[in-house]
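Here the structure comes first, spelled out in structure tokens, and everything after it is commentary.
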Number of protein chains: 2
Amino acid sequence: MRAHNLALVLQTVANSTNQPSRAAVSAATGLTRATVSALVDDLVAGGLLVEVDPPPRTGAGRPAVGLTLTSTGPAGLGLEINVDYLAACVVDLTGAVRQRFVEHADQRPADPARALATLGALAARARLAAEADGLTVAGAALAVPGLVAGGGLVRVAPNLGWQDIDAVAELHRVPELAGLPVTVDNEANLAALGELRVTGGDPTFLYISGEIGIGAGLVLDGELYRGVRGWSGEIGHVTVYPDGRPCRCGSRGCLEQYAGQEALESGEPLAAAALGIALSAVVNLLDVPVIVLGGAYAPIFERLREGIEAELRQRVLTSGLAPVVLRPAALGADAAMRGAADAIIRAVRENPATWLRRSSERYA
Amino acid sequence: MRAHNLALVLQTVANSTNQPSRAAVSAATGLTRATVSALVDDLVAGGLLVEVDPPPRTGAGRPAVGLTLTSTGPAGLGLEINVDYLAACVVDLTGAVRQRFVEHADQRPADPARALATLGALAARARLAAEADGLTVAGAALAVPGLVAGGGLVRVAPNLGWQDIDAVAELHRVPELAGLPVTVDNEANLAALGELRVTGGDPTFLYISGEIGIGAGLVLDGELYRGVRGWSGEIGHVTVYPDGRPCRCGSRGCLEQYAGQEALESGEPLAAAALGIALSAVVNLLDVPVIVLGGAYAPIFERLREGIEAELRQRVLTSGLAPVVLRPAALGADAAMRGAADAIIRAVRENPATWLRRSSERYA
DNA sequence: GCCAAATAATTCAACCACTAAACAATTTCG
DNA sequence: CGAAATTGTTTAGTGGTTGAATTATTTGGC
């Protein structure tokens, strides 16, 4: 119960645009001022919240002391490995990017262990720089373009040529990362989480990422839906033309063949229509009101828009009742890495009690 | 916290196959025997649990007194209106069907108010019979073949010819139902909930219901996913052949044109393949491990199976890693009505504290 | 310039719900 | 018949919340 209320208070402060006082938090949560005070004291002592100078005066009464998330405290390490670059970033509790390292290089010639060692070195630099800056890296998340099983095992990443790679074990070989909790997730899933942070108002949307392959991340009611085995979002292999072009997955007429990066670069005329057909299926099935176009789609959003919307108007049963909103991704190529870092601090925000216990043990 | 633990204890008893003792519940939940005892006493006093004679003796020690859900207590009233019948049933807390009334008649000539008045009369009979039997109807849910907005408003039910009908208001005109909380939901959604109860082990599956139209109910982690506006599950209008037959929804190549009841009756050779294509999209997007075929599909399951599975094998990216399980629906035509009644008792089970408060007020 | 009103935050006694441990009740087994 | 086993209850203790009173700090009227 304490844990639940600590999280409630922390989230209330986090989701507030201004710097709320204890009294404001009390009003927003329904908890007593006395309770909020006690909880806030714990969060301040544990280094998750800091008191700041009162905001602009307003009326009579004792001035409020504002509360805000600390910028020296737990941080998330976001990692990404993709076909043509490696990247690492550190994001603090407020969501600000504090460190950012990108290394462009084609990963396909390198074997997985080599690539992960290089990424590990990048991650180590990011971690050390962040900790010199007063942050404590609470964990890391790695975005990969492929199917991930539980426990950090990459089952298959076609465009990297990977198969059954234990990415966590490889990263843990780097001394500076040993012992750090590391999770691995699909690139589109994490990019969707990154957008969720920026998107603000929309708790339910589909993020679709056009790279060499096409992936999607589905956010339902503010939660990423990963599927039972973590293999959701494979929109690239949704059939749009049942007897269409053969795909290297063994099927025919996959979206990827018409709207993947290679098709786009060769000026495929069916790209927008194919996207529209596949997205209509998503909306008909899930009643998703917002679709975010990311990856290679973001820069050519305006060029795709009309073609996609025409299909949605025709093929979505409820399009007459409420139109589907189409939007380009706000974060660019950093979305997956940012989402990865965000996943870590999201965990701290959702379970501050765990962090407080850990940080009190550090000094014991 | 009390509320949470009451629910925990009640669910533990409900999900148990035998009649567990207080000690067994304590072991299953991790709560103390003392706490469980206190909670169970409340639930027994509130008329949700009853004590039964100890089960078969086993070993030494004081004999346990078994616990089970009451069969005289809160009950759910499930209602269904469909193209060719009206139905009402009452299900008690244990999930047993205690009353069941079905009236076959083509609803299309009747206007909505007339049809709902007839259904209301059926519902009133069911309610009175149930209450004479010691039950207390806690609420009602209505299944309709159409799109439902919040507040019981049926936006459109094409096969009934309905548009913007306030079904709750119509039902409340019946004196015996006045004041009873009534919700309205899509038929396939509620049928999926009905299957969930019977299905037991699978908390995540897609239920697909083949009637005149084709609807789907999506259950994710034991929860029905309704979509932001409650319009999820419109799989009948997922495109399977982009330039295919025109559909009365205004689109082309909708699944409904190839696998709806009319197509099935005319021996459509593409039915299984079309279903397989649409279902592959669902699995690629959501990583759903189980698909339940209901409605008109259930009796011809074996005839459809191979055709659907062939498409799934080809078109689902992860079909090589873990096959998709295909199953016929366990409940027949009663699924939606049962699911509707189930939704009511599910609410009581998930929030027994509310019920206890209500029932204590009844005697105050 | 001072006092009343207003607002923020803390203190403190009371209370609710859970836990742990002792205890009472009821059986089986040697 | 008594020891061991097992269920269920009682009792004291604890963590965490509430509500009321208290303290702190400002604005504004006179």
Side-chain angles (χ1 to χ4, degrees), chain A residues 1-13 16 18-46 49-68 351-354 356-357 360, chain B residues 1-13 16 18-46 49-68 351-354 356-357 360:
Chain A
M1 182 165 215
R2 196 90 218 271
H4 176 257
N5 282 338
L6 280 168
L8 184 62
V9 168
L10 188 61
Q11 306 257 17
T12 304
V13 175
S16 185
N18 51 8
Q19 300 170 335
S21 64
R22 290 165 169 81
V25 172
S26 158
T29 57
L31 298 172
T32 328
R33 283 199 307 261
T35 306
V36 171
S37 240
L39 294 168
V40 165
D41 287 350
D42 273 19
L43 291 170
V44 169
L49 289 181
V50 286
E51 301 187 329
V52 295
D53 275 347
R57 303 262 79 260
T58 146
R62 171 172 165 178
V65 356
L67 296 170
T68 192
N351 208 338
T354 308
L356 296 184
R357 200 168 330 114
S360 71
Chain B
M1 182 167 215
R2 196 89 216 273
H4 177 255
N5 281 337
L6 280 168
L8 184 62
V9 168
L10 188 62
Q11 306 257 19
T12 304
V13 175
S16 183
N18 51 9
Q19 300 170 332
S21 64
R22 290 167 170 78
V25 172
S26 159
T29 57
L31 298 171
T32 327
R33 280 195 313 240
T35 304
V36 171
S37 239
L39 294 168
V40 165
D41 287 350
D42 273 17
L43 291 169
V44 169
L49 289 181
V50 286
E51 299 188 330
V52 296
D53 276 349
R57 305 261 78 261
T58 147
R62 168 174 168 178
V65 358
L67 297 170
T68 190
N351 208 340
T354 306
L356 296 184
R357 200 166 334 114
S360 72

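Note that the coordinates shown come from a computational prediction; the quantities given were computed from them, not determined experimentally. Numbers restart at 1 for each chain; the letters A, B, ... are given by sequence-line order, proteins then strands.
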Atom pair [atom1] ([X]) and [atom2] ([Y]), whose distance is rounded to the nearest 0.5 Å:
| X | Y | atom1 | atom2 | result |
| --- | --- | --- | --- | --- |
| A:Gln19 | A:Thr68 | CD | OG1 | 5.0 Å |
| A:Arg22 | A:Leu49 | CZ | CG | 9.0 Å |
| B:His4 | B:Leu39 | NE2 | CG | 11.5 Å |

Whole angstrom is fine here: how far is it from CG in A:Asp42 over to P in D:dG15?
->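 My rounded result for the distance is 13 Å.
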Could you state the CG-P distance from A:Asp41 to D:dT17, rounded to the nearest angstrom?
->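 Checked: the CG to P distance equals 13 Å.
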B:Arg2: salt bridge (Lys or Arg N to Asp or Glu O under 4.0 Å) partners, not counting sequence neighbours |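 Checked B:Arg2 against salt bridge (Lys or Arg N to Asp or Glu O under 4.0 Å); matches are B:Asp42.
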Keeping to residues at least two apart or across chains, list the side-chain hydrogen bond (donor to acceptor under 3.5 Å, both in side chains) pairs with something in residues 23-36 of chain A.
->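 Every pair satisfying side-chain hydrogen bond (donor to acceptor under 3.5 Å, both in side chains) with a residue in residues 23-36 of chain A: there are none.
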Could you run through nucleotides 12-26 of chain C and give me one letter per nucleotide, 5' to 3': B if any protein heavy atom sits under 4.0 Å from the base, S if only the sugar-phosphate is that close, - if neither?
-> -----SSBB----BB
